[in-house]
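Just below is one structure, and these are the notes that go with it.
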Amino acid sequence: MIEPIALQSTLETVRFWAIVLCLGLGVFFTLVSTVGVLRLPDIYARAHTASQTDTLGAGFALAGVALAFGWQHAAVYTVLLLFFVFITNPTAAHAIARSAAESDVEPVLAEEGEADDAEVAAETEGETR
Amino acid sequence: MAAERVLVPLSDTVTVRQTVAYAVQSGLETADSLECHLVIALPYDVDLPEGKRMSDGAEELLERAENWVEEDADGADVTIETAVLGTDEYLFGPRDYAEIFRAYADDHGIDRLVLDPEYSPGVTASMLQPLERELDRVGMSYDEAPVERAARHGRLVLSHTGFDRLFATFWISFGFYLVLGDPFYWFDLLTGAAVAGIVSVSLAHVTFSMPLDRVQSPLRAVRFVFYIPYLLWEIVKANIAVSAVILRPSMPIEPTLTRVNARVRSGLPLLALANSITLTPGTLTVRANDQQLLVHTLIPSAREDLFDGGLEKAIRFVFYGRESAAIPSPNERDDAEIVGGDEL
């Protein structure tokens, strides 16, 4: 009875690399999101990319966790966790954008001339706030 | 003295009779003759199968109200005009109602609007407060009829809808408890039933914002399950597009502020739509005034997706069924536009 063991060990390897892939993608999207928060001009644009962390960043990380847990009850919790993240993340992003709009933060828009100028203007503005 | 003209929006409530009486009485106090405009504003879902019943009910209510006015006028000089509004447009939120009343008032030289405190057109919950706010906004003077009403809670007999609510709340909370606990352990089953019982008795009447339907509500839940993979796929696509833009050294972003008039009902459907829009990177709901969503978009492709209304169609599919999903995109029906920053 050698074959079943071999099959099981290949499955284990596949699972291992699937976990690694999920965590890697999660880290990648979180990194992109961080880069985005640093590079983008104003609070509205940054809110877009901040939600990337929560959607795909947390999504892939939690998928990796669920895979690592395997077929047990704790894996259900990670799905639930993701569900709640998906409800709270847009709510928070909307709250931030809305309060920015209410405190009269002007968005940097594409029509406002050169993108570079707008970026610089927004950066200095962001610092004074 | 010129005739006083009052506008009375009617809906099938327990206080509509008293509202009409108040309108006639207060109108005759200030002027010798009264022109009483009784109107019924039909909600947007009048196109749906149950809409026919609703518009028949409207005619019937208008006839009844006409008799009431004649009864209350008691020989005084009262002219009655009736109208059904909203047959050729979609009325969604309080803003639409306020605007259609305003337009009617302008056309007919109305002096005053008498509002039923329980006014609730269609199946939606009472919308007195938002309607008052919107009426203020469009600059329409109104009067809330002082009515006596029976307390709405504390009824001992469990009604048909009350049972449905209890039933649904019980099973939702019981199911959630078992997801957290162990569904095969007798202790969890027992405590779960106890907790779900307490939750359903104490919270059932605030859990659902719209009446439950024994066929439609479970169907909505099933359709929502189909919506989740679609949403996830949209999120992945949008994430990759936004990541590519951010990582490119030139960073070709094109931030715009857009306004989209969504054709979904206020409350849960609108919340689901606005949340889904925000959840996909590249589009961010900044403001939601009733059905007017102010959306900030980061890249052109995300904006085009938004204007094509894929998510809106999906939300309509979840809440209203497959036929309702096939509506023109916001772009085609002229409900989407790029606006300047001063719109905030």
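Note that the structure is predicted; figures quoted are calculated from it, not measured.
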Is Val35(A) in contact with chain B via its backbone, its side chain, both, or neither, using a 4.5 Å heavy-atom distance?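 Contact with chain B is through both the backbone and side chain of Val35(A).
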What part of Phe86(A) gets within 4.5 angstrom of chain B, counting heavy atoms only: side chain, backbone, both, or neither?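 Contact with chain B: backbone and side chain both.
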Nearest 0.5 Å, what's the [atom1]-[atom2] distance between [X] and [Y]?
| X | Y | atom1 | atom2 | value |
| --- | --- | --- | --- | --- |
| Thr278(B) | Ile96(A) | OG1 | CD1 | 11.0 Å |
| Ile277(B) | His94(A) | CD1 | NE2 | 11.0 Å |
| Ile240(B) | Phe29(A) | CD1 | CZ | 5.5 Å |
| Ile246(B) | Thr49(A) | CD1 | OG1 | 3.5 Å |
| Leu82(A) | Leu232(B) | CG | CG | 7.5 Å |

Under a 3.5 Å distance rule, please check whether Arg39(A) uses its side chain to pair with a backbone N or O of Pro249(B) as donor and acceptor.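 Answer holds: yes.
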Step by step, work out the side-chain contact (heavy atoms from CB on, under 4.5 Å) result for Leu180(B) and Tyr77(A). CA-CA 7 Å; Leu180(B) 292 181; Tyr77(A) 293 163; 4.2 Å; yes
Please enumerate all residues that pass side chain to side chain donor-acceptor pair (under 3.5 Å) together with Thr88(A), with sequence neighbours excluded.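 Result, side chain to side chain donor-acceptor pair (under 3.5 Å) vs Thr88(A): none returned.
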When the ring planes of His48(A) and His296(B) are compared, do they come out parallel, tilted or perpendicular, using 30° and 60° as the limits?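 His48(A) vs His296(B) ring planes: tilted.
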Against chain A, label Thr297(B) side chain, backbone, both or neither, depending on which of its atoms sit under 4.5 Å from a heavy atom there.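 The backbone, not the side chain.
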Which atoms of Ile228(B) are under 4.5 Å from chain A, going by heavy atoms: the side chain, the backbone, both sets, or neither?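 For Ile228(B), there is no contact with chain A at all, as no heavy atom is under 4.5 Å.
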Count the heavy atoms of every other residue, nucleotide or ligand shown that sit under 6.0 Å from CZ of Phe84(A), and state whether that count exceeds 12.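 Counting other residues, nucleotides and ligands, CZ of Phe84(A) exceeds 12 neighbours.
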Is it true that atom CZ of Phe170(B) has more than 12 heavy atoms of other residues, nucleotides or ligands lying nearer than 6.0 Å?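 Counting other residues, nucleotides and ligands, CZ of Phe170(B) exceeds 12 neighbours.
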Would you mind reporting whether Leu56(A) and Pro281(B) have side-chain heavy atoms less than 4.5 Å apart?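 No, every pair of side-chain atoms sits at 4.5 Å or beyond.
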Do you know which of Leu271(B), Leu284(B), Asn275(B) makes side-chain contact (heavy atoms from CB on, under 4.5 Å) with Pro90(A)?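 The option that passes is Asn275(B).
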Where is the tightest heavy-atom contact between Thr285(B) and Ala97(A), given as atom of each residue plus distance?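 For Thr285(B) versus Ala97(A), the nearest heavy atoms are O-CB, 4.4 Å.
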